[in-house]
*Asks:* 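What follows is a single structure, and I will ask about it in a moment.
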Amino acid sequence: MRKKIIAGNWKMNMTPSKAVELVNTLKPLVVNEDVDVVFCVPAIDIIPAIEAAKGTNIQIGAENMYFKDSGAYTGEISPAMLADAGVKYVIIGHSERREYFAETDETVNLKILKAFEHGLTPIICCGESLKQREQGITLDWIRMQIKIAFQNVTAEQAASAVIAYEPIWAIGTGKVATTAQAEEVCAAIRACIAEIYDADTAETIRIQYGGSVSASSAPELFVQPNIDGGLVGGASLKPDFGKIVNYNK
Ligand code: PEP
């Protein structure tokens, strides 16, 4: 039985002091023993957020990392830095990073390999554009993204990973994929993992849906057989996130 995982993606929001305030506000609202709760926060907020979340069920994650251990890469954050700070999860390959920061399936793969090397759990994002959906190539596109992302990743590593299916047209737009659309793609991702690895790995890996998840859409989405929780942007900055985490109460 897979435990649900619901992660907030704060994106480029919240100064360090605001981050502490938000963790303190959400702390009592996001208690749900059936769910792993993760707040993925901007790099500068990681340490104060970890302090503020001490003694709670909230785990602090990062929104990105570089694929090298250290060196002359001005402005980047290494996985060793994240691990040392106490981070467990890191979002890799969010569509905003692919669109604005030239991330490719190949760099996503390098980042995933590096994250595992440092004991971090990647939340691996994939998703199609509206044009690709209209062209009828959604499943082909996602399968390609998954196959490249998991190059040289062992079955044991893959089983511990999290995949976030995020249709690009649903991110920050208020347009949620229908439950049937989300379940169809998440099921196809699980089948693709079974093809690359085996049935056990596919049964163990957790697959989230992301894209304008709200307190009203979460309950139906998160009970689908292949949807193991969500990656939540806008709504993760509001008390509503507590309702999303408690989708089953
Ligand atoms: C995201 O940033 O991953 C996301 C899904 O954003 P939103 O929930 O705002 O659509």
Side-chain angles (χ1 to χ4, degrees), residues 4-14 18-19 22 26 29-30 35-43 45-46 49 58-65 87 89-101 103 105 108 111-112 115 121-130 132-133 138 141-142 145-146 149 161-179 181-183 185-186 189 206-222 224 226-247:
K4 301 283 179 191
I5 175 164
I6 300 178
N9 172 16
W10 287 12
K11 313 198 186 200
M12 198 175 72
N13 294 298
M14 298 293 138
K18 291 278 179 212
L22 185 58
L26 292 179
L29 307 177
V30 296
V35 175
D36 284 335
V37 179
V38 186
F39 291 7
C40 296
V41 307
D45 296 343
I46 287 172
I58 302 165
Q59 307 211 52
I60 301 300
E63 298 177 11
N64 180 37
M65 52 162 254
V87 163
Y89 294 93
V90 55
I91 299 174
I92 303 283
H94 191 280
S95 60
E96 286 152 16
R97 295 218 53 89
R98 295 177 191 253
E99 182 176 353
Y100 305 127
F101 303 99
E103 290 208 5
D105 290 322
V108 165
K111 288 183 178 195
I112 292 166
T121 300
I123 298 177
I124 303 160
C125 299
C126 61
E128 82 287 2
S129 65
L130 188 56
Q132 289 164 334
R133 179 158 282 273
T138 297
W141 178 259
I142 303 283
Q145 286 188 315
I146 295 296
V162 178
I163 296 174
Y165 164 55
E166 299 207 303
I168 297 167
W169 48 271
I171 297 179
T173 59
K175 259 191 212 166
V176 194
T178 64
T179 305
Q181 285 171 329
E183 168 61 16
V185 179
C186 290
I189 292 171
R206 293 187 288 181
I207 305 175
Q208 301 172 312
Y209 166 79
S212 299
V213 171
S214 65
S216 59
S217 60
E220 194 179 311
L221 284 164
F222 297 171
Q224 297 309 305
N226 287 289
I227 302 180
D228 306 314
L231 182 57
V232 182
S236 71
L237 299 167
K238 301 181 194 142
D240 249 21
F241 193 56
K243 294 191 190 140
I244 294 174
V245 167
N246 284 287
Y247 74 96

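Numbering of ligands and ligand atoms starts at 1, following listing order.
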*Asks:* Does a side-chain N-to-carboxylate-O contact under 4.0 Å join Lys11 and Glu96?
*Replies:* yes

*Asks:* Find all protein N or O atoms under 3.5 angstrom from an N or O atom of ligand 1 and list the pairs with distances, or write 'none'.
*Replies:*
from, atom 1, to, atom 2, distance (Å)
ligand 1, 2 (O), Asn9, ND2, 3.1
ligand 1, 2 (O), Lys11, NZ, 2.7
ligand 1, 2 (O), His94, NE2, 3.0
ligand 1, 3 (O), His94, NE2, 2.9
ligand 1, 3 (O), Glu166, OE1, 3.0
ligand 1, 3 (O), Glu166, OE2, 2.7
ligand 1, 6 (O), Lys11, NZ, 3.4
ligand 1, 6 (O), Gly233, N, 3.4
ligand 1, 8 (O), Ser212, N, 3.3
ligand 1, 8 (O), Gly233, N, 2.8
ligand 1, 9 (O), Gly234, N, 2.8
ligand 1, 10 (O), Gly172, N, 2.6
ligand 1, 10 (O), Ser212, N, 2.7

*Asks:* Please name all residues satisfying salt bridge (Lys or Arg N to Asp or Glu O under 4.0 Å) with Lys238, sequence neighbours left out, ordered by chain then number.
*Replies:* none

*Asks:* Please step through side-chain hydrogen bond (donor to acceptor under 3.5 Å, both in side chains) for the pair Tyr165 and Glu128, ending with a clear verdict.
*Replies:* CA-CA 9 Å; Tyr165 164 55; Glu128 82 287 2; 2.9 Å; yes

*Asks:* So, do Asn64 and Ile91 sit near enough that their side-chain heavy atoms are less than 4.5 Å apart?
*Replies:* no

*Asks:* Closer than 4.0 angstrom, basic N to acidic O: yes or no for Glu103 and Lys111?
*Replies:* yes

*Asks:* Are any of the side-chain nitrogens in Asp45 or Lys18 under 4.0 Å away from the carboxylate oxygens of its partner?
*Replies:* no

